[in-house]
Amino acid sequence: MEKILDKKRIDDWIAALNDWEVHAPALEDGIWTYKPVSGAARLDHPNTRQSPKGFTFPQREVYFSFEQIKGEPPKLTQILPKETRHVVFGVRPCDGKGVPRMDKVFTDHVEDTYYTTRRKNVAYVGLACNKPPSATCFCLSVGGSPVSTDGLDVQLTDLGDRYFVKAVTETGKALMKAAGSLLTEPAAADQKQVKQVHTEAVAYPQRKINDPDGAPAKLKVSFNSPLWDEMARACIGCGICTFLCPTCHCFDINDEVHSKAPLQGQRVRTWDNCQFPDFTMHSSGHNPRENTGARLRQRVNHKFQYFHENFGMHQCTGCGRCVSECPVGIDIVAVVNKVTENVG
Amino acid sequence: MSDNIYLPKLGRVAFIKDEVVGERAIKTFRVEAADGGDLFEHECGQCAMLSIFGRGESMISIASSPLIKEYKQFSIMRVGRVSTAFHDLAVGDVIGIRGPYGNNFPIDDWRGKNLYFIGGGCGLAPIWPLITTAVAQRADFKNITVFYGGRTSRDIMYRAELEKLRESVDVHLSIDKAEEGWDGYCGFVPAAVMDKDPVPDNSVAITCGPPIMIKFVIQNLNQLGFADDQIYTTIENKMKCGLGKCGRCNVGKDYVCVKGPVYSWAVLKNLPEEY
Ligand SMILES: Cc1cc2nc3c(=O)[nH]c(=O)nc-3n(C[C@H](O)[C@H](O)[C@H](O)COP(=O)(O)OP(=O)(O)OC[C@H]3O[C@@H](n4cnc5c(N)ncnc54)[C@H](O)[C@@H]3O)c2cc1C
Ligand code: SF4
Ligand code: SF4
Ligand code: FES
């Protein structure tokens with residue numbers, strides 16, 4: 001299904017999606033953030049600071065509550081996410097690519113009910129990048145593209161005063177049907193223009209991973225490379241790189257106690273981070289990943305080797321967030337290129 | 001609705017025993033389903049995520065034989081927040097338990113073979129189900145030999161059970177330094193093993209204990225002619241989910257909570273040394 005939407009009518013489309021809670025990027029204190037919208041959505045963001053992964057994997061997820069009166073057995077109450085349906089507007093193709101990667105993690109081997117409950121209730125209306133919005137973009141190196149539709153339900157392409165609207169999934173079609181007569185048939189000129197825009201989009205130069213296909217094998221033999229320590233020396237272990245990443249999924253599980261007698265509290269999952277020393281540290285003090293070099297290697301190898309060995313795709317989608325936001329300028333593109341350079 | 005993989009079952013503590021006291025205190029717990037019935041089936045080498053509500057979860061090896069259905073046994077060393085809360089439990093208290101997790105020892109491939117068990121410190125617990133299952137099915141195996149060492153005689157766990165084992169298998173106990181009244185071996189476990197010259201023919205060696213002990217045990221076994229695929233061990237990486245999702249316990253591409261904790265040395269030696 002392919003249609004045309006007059007840009008001025010996007011608020012009417014959003015208003016028509018009254019079965020859904022609609023979110024779109026909003027500029028708040030200089031930071032692009034997904035916010036609930038009821039009317040007009042600005043889709044002129046480069047990309048949001050945070051990826052949209054929080055819609056399916058929020059920073060904080062309560063598993064269950066527990067309650068125990070002294071001398072009695074504890075009572076557990078499972079807390080599943082609300083079945084609210086979300087539509088997220090303005091998702092960039094790299095973040096769309098993150099979706100099937102998170103699906104793999106949370107459904108492989110056994111299914112994570114919290115993730116799948118949220119996942120089936122969210123739809124992504126993506127926005128193609130007519131031109132890579134940031135100097136740190138490198139989606140083309142990792143099997144993506146500024147006009148990729150992977151993980152999206154609808155793809156919008158900016159044609160000046162109107163959007164070219166393309167359904168990717170059945171859910172996407174339903175969202176478009178809800179717009180009724182707001183969406184009109186594209187003319188031959190629209191079709192021609194969208195092709196042109198897409199062709200130009202993929203032709204813009206981007207930063208490059210030099211040998212993405214060879215990276216898994218080359219990283220594997222570079223495990224003991226001295227470059228890891230060298231390149232990670234500046235890392236302050238803040239974790240920004242992983243918190244902002246659309247595919248980083250590591251988490252911690254903790255009990256939070258709200259009352260001691262009777263005992264009341266919740267078991268909660270929160271984002272965690274492989275760049276923290278205590279991520280892998282045993283109670284004995286033994287730490288299999290003792291220094292920043294070992295931890296940088298884990299982050300890079302997970303993205304470009306281990307995930308590829310397990311699922312046949314890179315876990316990095318080339319969004320560039322970890323590159324642009326790292327306070328000390330550690331650059332995953334440079335690291336992969338450097339470590340794999342001159343390796344057989 | 002699909003099963004919630006994070007929701008634990010409730011288990012009632014039916015038995016508690018002081019195994020080792022002092023600084024490296026270990027207590028043994030038997031846990032049964034709080035609502036009667038069985039908790040779950042398991043295999044030798046698997047683990048369970050135990051929890052005390054309000055304190056948190058810990059991954060612990062199931063230390064009882066799969067042949068025992070009424071309870072699961074765990075031996076827990078007091079090292080931190082959750083394990084200390086376990087040491088404070090009383091019989092009748094209710095805990096959370098989910099699992100079983102991980103792979104298992106391929107015991108069926110080992111029938112008709114000699115088994116050498118080599119444990120150190122609290123590393124007897126993960127191989128105890130295997131030892132007790134093999135002993136219960138004694139006729140299925142040839143010679144069974146257990147080497148086990150503690151730092152001092154007070155660090156020896158399962159003392160009474162080990163004495164009873166002597167009725168059907170060879171048991172060699174050791175302590176690091178000589179003590180008055182000790183008639184077993186004095187010295188480190190790897191040396192205690194060499195002292196008895198285990199034979200590699202038609203044998204499997206299973207070792208578990210502190211990483212440094214495992215390292216030297218494997219070196220010595222290799223020297224005695226044990227091939228890498230005749231040596232098995234288990235590894236413990238920090239774990240939170242047990243399900244291959246929290247991203248914490250990997251060695252290379254494998255999450256130890258799913259693909260481990262049991263490894264043959266032939267496989268483990270080719271994995272990155274991140275454990
Ligand atoms: C496969 C496996 C089997 C194990 N079997 C046993 C056993 O039979 N008996 C026993 O006493 N201990 C065992 N452990 C170690 C045990 O899980 C930790 O000692 C325990 O989780 C420490 O928790 P704590 O809250 O007391 O310590 P804290 O230091 O307060 O722990 C904080 C958190 O760190 C994690 N953690 C710390 N050290 C370890 C570690 N070595 N392994 C895994 N997670 C860790 C836990 O998630 C814990 O919640 C096993 C670990 C694994 C991975
Ligand atoms: S953002 Fe940079 S400094 Fe912070 S943990 Fe990541 S690599 Fe290290
Ligand atoms: S690793 Fe960096 S560039 Fe790749 S997807 Fe994650 S944040 Fe984006
Ligand atoms: S414990 Fe979470 S991935 Fe293994």
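Per chain, numbering begins at 1; letters A, B, ... match sequence-line order. Below, all heavy atoms of this structure are taken into account, side chains as well, without hydrogens, waters or symmetry copies. These figures come from a predicted structure and were not determined experimentally.
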Which value, rounded to the nearest 0.5 Å, describes the distance between [X] atom [atom1] and [Y] atom [atom2]?
| X | Y | atom1 | atom2 | result |
| --- | --- | --- | --- | --- |
| A:Gln264 | B:Phe53 | CD | CZ | 14.5 Å |
| A:Asp108 | B:Leu243 | CG | CG | 11.5 Å |
| B:Glu274 | A:Gln298 | CD | CD | 6.0 Å |
| B:Ile52 | A:Phe66 | CD1 | CZ | 11.5 Å |

Region of [X] that comes under 4.5 Å of a non-hydrogen atom in chain B:
| X | value |
| --- | --- |
| A:Phe64 | side chain |
| A:Phe223 | side chain |
| A:Ile253 | both |

Is the backbone N or O of [Y] less than 3.5 Å from a side-chain atom of [X], with the two atoms forming a donor-acceptor pair by type?
| X | Y | answer |
| --- | --- | --- |
| A:His286 | B:Pro211 | no |
| A:Asp272 | B:Cys246 | no |
| B:Arg55 | A:Asp255 | no |
| B:Lys240 | A:Asp252 | no |
| A:Thr280 | B:Lys238 | no |

**OP:** Ignoring hydrogens and angles, state whether a donor on the side chain of A:Tyr114 or B:Asn4 is under 3.5 Å from an acceptor on the partner side chain.
**Re:**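 Yes, side-chain donor-acceptor contact under 3.5 Å.
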
Subject >> Charged N-O contact under 4.0 Å between B:Lys245 and A:Asp112 >> reply: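 No.
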
